[in-house]
Amino acid sequence: MLTTGQYLGSTGRLEATVGTFEFTDDHEALRSTVRAFVEETFPEAQVRRLMAAPSALERPVWERMARELGLQGLVVPEEHGGAGAGPVELAIVLEEFGRRLVPVPFLSTALATIALTGGDRAVTAGYLEAVAEGRVVATVALAEDDGGWDAAGVHCAAVSDDGDGGAGDRGGWRLTGTKSFVPDGMDADLLVVAARTPAGVGLFAVDGAADGVSRSELEVFDLTRRLARVRLDGVAATPLSAPADTAAFDRFLDAARVAVAAEQAGGADFTLAMAVGYAKERVQFGRAIGSFQAIKHLCADALVDVESARSAAYYGAWAIAQDSPEVATVAPLAKAFCSDTFFATAQTNMQVHGGISFTYEHPAHLYYRRAKSGAQLWGSPRANRDLLATRIGL
Amino acid sequence: MLTTGQYLGSTGRLEATVGTFEFTDDHEALRSTVRAFVEETFPEAQVRRLMAAPSALERPVWERMARELGLQGLVVPEEHGGAGAGPVELAIVLEEFGRRLVPVPFLSTALATIALTGGDRAVTAGYLEAVAEGRVVATVALAEDDGGWDAAGVHCAAVSDDGDGGAGDRGGWRLTGTKSFVPDGMDADLLVVAARTPAGVGLFAVDGAADGVSRSELEVFDLTRRLARVRLDGVAATPLSAPADTAAFDRFLDAARVAVAAEQAGGADFTLAMAVGYAKERVQFGRAIGSFQAIKHLCADALVDVESARSAAYYGAWAIAQDSPEVATVAPLAKAFCSDTFFATAQTNMQVHGGISFTYEHPAHLYYRRAKSGAQLWGSPRANRDLLATRIGL
Amino acid sequence: MTARAGADVPVEASVEQVRAQVAAWLAENWQPGGGGPQWRERLVDSGWAAPTWPVEWFGRGLHRDLRRVVAEEFTRAGAKPAALDVTQLFANTILAHGTDEQKRSFVRPLALGEQQGCLLYSEPGAGSDLAALQTRAERDGDTWVVNGQKVWTSGAREATHGFLVARTDWDVPKHRGLTFFWLPLDQPGVDIRPIHQVTGGSEFNEVFLTDAVVADSHRLGEVDGGWRVLQTALGFERLIMGAAAGGSSRQRRPAGGGETTLADRQSPWTRQIGGADYVELAKKVGKADDPVTRQEIARLYTLEKVNAWNGLRARADAGRGASSPLASIGKLAMSRIVHTGVSVTTNLLGTSSVLDGDTDPVAAEVNRSSFAAFVTSIGGGTDQIQRNIIGERVLGLPREPEVDKLVPFREVRKAQATRRFS
Amino acid sequence: MTARAGADVPVEASVEQVRAQVAAWLAENWQPGGGGPQWRERLVDSGWAAPTWPVEWFGRGLHRDLRRVVAEEFTRAGAKPAALDVTQLFANTILAHGTDEQKRSFVRPLALGEQQGCLLYSEPGAGSDLAALQTRAERDGDTWVVNGQKVWTSGAREATHGFLVARTDWDVPKHRGLTFFWLPLDQPGVDIRPIHQVTGGSEFNEVFLTDAVVADSHRLGEVDGGWRVLQTALGFERLIMGAAAGGSSRQRRPAGGGETTLADRQSPWTRQIGGADYVELAKKVGKADDPVTRQEIARLYTLEKVNAWNGLRARADAGRGASSPLASIGKLAMSRIVHTGVSVTTNLLGTSSVLDGDTDPVAAEVNRSSFAAFVTSIGGGTDQIQRNIIGERVLGLPREPEVDKLVPFREVRKAQATRRFS
């Protein structure tokens, strides 16, 4: 019934809503499975162990995620060895991963997979199969040293080896430039790189082991998400689709925004639960601090935001699934709102916890770090709101 | 001791502070006198009576204010029949007037007086005497239909009758244009009008009864501050000083910002007192609502802002009194901050009062109206903050 | 009561069966342009006026999910009113708590519109703390004599009766000494005075009760058992508000039509600047390119959208039978939206926002809305009370110590019981 | 103790008299580049180290307003330390509550720096609610045996002693069963462990007390009378914080020098991005013309300025002997400033704010500050507690019902008494 419902949007016109929020039993089963896996495999002690390790990637676990749970293949089409699921299912998984700050390169690989599924299958089929089987870790390299996250921020040059370099050119290409803020860029076997041709910006597959690739790890505030700077020096690359398809690049960016938003919504949800749990248990002045309005109302306001963030992420996922024109507005909206919500909730959580929140031993700061950094990656809330303003007609 | 103190300003450099906050017994006596007068002469019932009357100006009261209290002559130099006091004393009086929403044209006249004292005494002496004696009501006409409050918003044309119209021209002038949002513009005998000459913007004295002046009252949200639109059609006018002295105009604007800020600080202070008083007296759930943190903390946050607003207004007044270069930053800062604080406090007051705040009978809405409108008059908080940004070097 | 056609639709009727039944009945009974008293009587007696009510009480016993189908068919045919069940707060409460005699006497006149109700709950001293009400009802044989003051009563001047909650026992804790009545308003002891509101309107009234009388046969529920009846009535009211609020802050017209009447009255934001569009306003005032304005508008748009999506998600959750925190957060979210909306539109208007009335009708509407925003953040449970509800009922945080919980009401510290606003 | 030169300056000495006395004494006693133990001893015995202390207890009995004059003269001469009175929280408290014997034994070593103190107040279960502390002291003849855990103790590793508050009577309400001690730290029963903080530092410690002993001669004030002593000590601490916070969020170095030591440690914002200038940063990152950035920076600048002015106004009020609400609002205002500052600088840095360490030292400093901001909004009384204080003590709003106020502490619901962070 709701899938055919109508509501009056903010522009005062009747808009068809996309089908949303109709979670099926399969969705709930997926959520339960992933939650159980994450809680078992990545308890806080394990997250802290991986934080301290040279790399957060442990191949056996990665392969088990692919083999037993099929997570890397979730959105890979069935003909390429995946489950053929869509953005809604991916949002559920990312939400669960976000709840526990799972430090393995799942989001990175998922973003790369989104890019690959949007590409020319003749090119991407092999990559998709390798991802689904857990044989490779992938990532996307978008921003550069100046930290821009849209097409305008892409300066890395793509030069055609033998073709004319035009839009239809599918020959060999070489990339030269420096990408930065590349999530899990040290571990990735496959890099999906945004690069500029004379005709526009496109996405290219680059083998992480190719000649001319050199990487260095960045020191980052978020202890559970690693970033790298990747120097490309005439590296062989394959365009995922027509190499200058800026529109396809923008579509990918919107899908990435929603995926990240889902992860953030999960982080926000868990963080609020942490605050509420502490407020129930912590006694001062002879009663639980959650009985004081100062704390209770902080949590209540956070709940409004957290539930709204989840709604935004889900709505965005459904909009993508149904290829709705609303994607253009929902995607930046969801990224901005989920970023702000996660950060605000992480702050509330710190404040509710009082002194123990600034001990390294307590997990509150890990969520705070994730939230503060995640807000800036893939475009700041401010940049995304400005994009939203443009897209609603300002 | 404090007048020679030093503090490290935000730019990291040592700045000399202006002498501030050294209120003397005379200041306290002035405050007590004005407070007693206002409470006796303008109780709420009287304010409401004047709100409903065709004009809020009653000449006998106006004359008594001048004769018995010397309020209109407060900042008029002694040689022109005034008390020769300065911006600090004026701030005290305006704060007290602001507390009780006194609807008589005192602020308007005070702003005009500030302009007159900044002008060429050969021109303004007669006006100053008339003001001090309570013979005339004066106002300033700055903005026009497009609502701009700085020199750029002045389009009203000043044309020299017989001179060359240059900066030194003190001959007869004629003004043509439309001023709007003129406070107490229907009652004013003397209009100080901002007008544009080929060389810049200056202030001109215009007799309210002169040929070519036509006025119409504007319907306004603030029931205790009347505004008019004034059409000037080749009206005879006298420049207060060199007619194109835009720098003098800017100095006047800063003084006006601080004066308005003081009035707003008074309104904010009284509004908070109203909220706190109600929170102590109103019982729900068997106890005063002010014992609930939700209400208590709203009031506590408001106190921080209200005291800060008073500090800003006082500091601004002292900076003007000492002709400190800090005026340039304090003036827009004080206007923006006092505007925001008064409006926020008026909102808090509405919320604390609950249902009775939306009855016409309760005074909460009168303060809300004053605060909401005052924020936009003489430049919005946003415009003033942008000006502040420029003046701190951005 | 006439025999009812179509009473053969089973409780578990399918959507298509119901659709067909309604269409057939309308084809037979509705004439375009109709809608007079005769039609209304036929409609009520058919059971289609309130299809979810029991068959024996003017309904058709349909599952609540099917009500919308009936409403859609009525809309298609242009016939109204229809599917009033949800908005029939008064009849619903009487059906839930009344005696058969009361159902017979009150429900049909209510459905026909011959009787209309208003809510006599709040008092000057009992706003957020409704259970602290001090209007007293004292028994005198078969009648009760009522004295006190009610306030914030919307629709009192159009109503024939009111749902009155009054205190009948002062020696027990506050929730336990209240009794619920269906009070006739047309009597000398009832004095209704409109309150002059800051918005300019007078939708609300104060009602002074001075030796007003109500028969014991008009009592709903047990003596001193009024709190329970009140909870039922408040539940029905929330249902109406929820249906109306839906999600978007913009005017929302569900297929059923007419459902938003009460909510419109209580939440004047829905009439905010005539549904005008802040995007268009920004362009009109030349601020579409201003980065600060763009951030503000994007934020407001976001708050509106996420609240709308929360509404859809709440309905989807309800459809799956899942409990959802979303139902509880809409009012608080709406409060933020309306106050933000006022701020955004005021900033867009700038200096001209100080104008009012015919001088600047757009400013006048924004100014009116700025007061109306407080009706949202105060009326029907303040933002502060909403946060308590969310914190306690949704998040499970512990309640505050309640100083008056176990004390006889006579001994509790009370607010001033009467205050004249009009 | 040697005879003290200059003890002839009267209590009501004028500024110029004092200035001359100090200058003369310094000319005679201070040698540029000096400052060793001998100098320190001469200084303490002269009474100029703590000029507001009584003449009989190492001071000169000067009025507190004159302390600054002494400090100024020391600064002018380049001599230090001087005018330590304010920062001598420990000595001040001992002077206020100690016996003559205690003053003799503890004050001079403290002034000389031979003894140093730390604060053993907070516990894992007693943060905002300090009176709920559960560390127990049990009498054993002339000594007390102490068991429990303290936390958030800064300076514990440098200190020789601690101001310990412990519970000595569990059968009275919480404020009435506490006793105050000057506990020697160098003993087997005291285990000090640094806490690894999120900022990367370890300024704070936890202190485990396991059968630690303290002589009854080290008890300050009455048995079970510790709450009163604690209030005095907290008052001296606020004085230090107030002197240090001053108003501006920027590093503030009063003429006296050295006064901000404790405050610096407790409020790391004062080290925020090395006093860097957000105006300069905005220019550097090319956002000086961005209207959103300009609004943000103007707001932050405003918050800093008004707080600085509040500080000046508070001092002027105090100078006139007027009571002022301003003294109570500084901490809450500072909390808003530091959190706003983090937000502004993070927005200025944009994507590079995700970096840290040597990769981007500016980002690293902003990130560290972002945690330090919580030290301001939590440490020394959370923002929530500050709002209670302002609401109740300044605005006179009524207190909340206190469930544990009159109950023997033994029966009160308590938080977990120990928790290991290190």
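Numbered from 1 within each chain, the chains take letters A, B, ... in sequence-line order.
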Participant: Kindly indicate whether the side chain of C:Pro401, heavy atoms from C-beta on, has any atom under 4.5 Å from the side chain of A:Arg287.
Facilitator: yes

Participant: Looking only at heavy atoms and a cut-off of under 4.5 Å, which of C:Ile329, C:Asp317, C:Asp289 has the most pairs with chain A?
Facilitator: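 Of the options given, most contacts go to C:Ile329.
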
Participant: Would you call A:Leu333 and C:Trp309 a side-chain contact if the rule is heavy atoms closer than 4.5 Å?
Facilitator: yes

Participant: Any chance you could measure A:Tyr315, atom OH, to C:Lys305, atom NZ, to the nearest 0.5 Å?
Facilitator: 6.0 Å

Participant: Among C:Leu303, C:Asn388, C:Val394, single out the residue with the greatest number of heavy-atom pairs under 4.5 Å to chain A.
Facilitator: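 Among C:Leu303, C:Asn388, C:Val394, the one with the most close pairs to chain A is C:Asn388.
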
Participant: Say whether, by atom type as modelled, one donor and one acceptor occur between the side chain of C:Lys283 and the main chain of A:Gly393 under 3.5 angstrom.
Facilitator: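 Between the backbone of A:Gly393 and the side chain of C:Lys283 there is a qualifying donor-acceptor contact (under 3.5 Å).
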
Participant: Of the backbone (N, CA, C, O) and the side chain (C-beta and beyond), which part of C:Leu395 lies under 4.5 Å from a heavy atom of chain A, both, or neither?
Facilitator: both

Participant: When you measure from the side chain of A:Lys296 to the backbone N and O of C:Pro398, does any donor-acceptor pair fall under 3.5 Å?
Facilitator: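 Checking the backbone N and O of C:Pro398 against the side chain of A:Lys296, a donor-acceptor pair under 3.5 Å is found.
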
Participant: Report yes if some heavy atom in the side chain of A:Leu394 is under 4.5 Å from a heavy atom in the side chain of C:Thr293; otherwise report no.
Facilitator: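 No. Closest side-chain heavy atoms not under 4.5 Å.
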
Participant: Can you tell which of A:Val276, A:Asp386, A:Ile295, A:Leu388 has the highest number of heavy-atom pairs within less than 4.5 Å of chain C?
Facilitator: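 If we count pairs closer than 4.5 Å to chain C, A:Asp386 comes out on top.
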
Participant: Between A:Ala312, A:Ala309, A:Ala279, A:Ala300, which shows the greatest number of heavy-atom pairs under 4.5 Å with chain C?
Facilitator: A:Ala300

Participant: What part of A:Asp340 is in contact with chain C, defined as an atom under 4.5 angstrom from a non-hydrogen atom: side chain, backbone, both or neither?
Facilitator: side chain

Participant: With a 4.5 Å limit on heavy-atom distance, are the side chains of C:Asn310 and A:Val304 in contact?
Facilitator: no

Participant: Can you confirm whether more than 12 heavy atoms, excluding those of A:Asp146, are under 6.0 Å from its CG atom?
Facilitator: yes

Participant: Hey, does A:Arg385 have a side-chain heavy atom less than 4.5 Å from the side chain of C:Arg299?
Facilitator: yes

Participant: Mind checking the CD1-SG spacing from C:Ile390 to A:Cys299? Nearest 0.5 Å is all I need.
Facilitator: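 Nearest 0.5 Å value for the CD1-SG distance: 11.5 Å.
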
Participant: What distance separates C:Leu312 CG from A:Trp318 CH2, expressed to the nearest 0.5 Å?
Facilitator: 11.0 Å

Participant: Atom CD1 in A:Ile392, atom OG1 in C:Thr302: separation rounded to 0.5 Å?
Facilitator: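 Rounded to the nearest 0.5 Å, the CD1-OG1 separation comes out at 7.5 Å.
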
Participant: Tabulate, in ascending numerical order, the residues of residues 28-35 of chain A having at least one heavy atom closer than 4.5 Å to a heavy atom of chain C, or enter 'none'.
Facilitator: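 Listed by number, the contacting residues are A:Glu28.
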
Participant: Need one label for A:Thr390: side chain, backbone, both or neither, based on atoms under 4.5 Å from any heavy atom in chain C.
Facilitator: both

Participant: Return the CG to CZ distance between A:Leu387 and C:Arg294, rounded to the nearest 0.5 Å.
Facilitator: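 Answer rounded to 0.5 Å: 9.0 Å.
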
Participant: Can you tell which part of A:Arg310 gets under 4.5 Å to a heavy atom of chain C, answering side chain, backbone, both or neither?
Facilitator: both

Participant: With a 4.5 Å heavy-atom cut-off, do A:Asp305 and C:Arg336 have their side chains touching?
Facilitator: yes

Participant: Pick one of side chain, backbone, both or neither for A:Tyr314, based on which atoms fall under 4.5 Å of a heavy atom in chain C.
Facilitator: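 Only the side chain of A:Tyr314 comes within 4.5 Å of chain C.
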
Participant: May I ask you to name which of A:Ser291, A:Ala389, A:Pro332 has the most heavy-atom pairs under 4.5 Å with chain C?
Facilitator: A:Ser291

Participant: Between A:Gln293 and C:Glu400, is any pair of side-chain heavy atoms under 4.5 Å apart?
Facilitator: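 Touching, per the 4.5 Å side-chain cut-off.
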
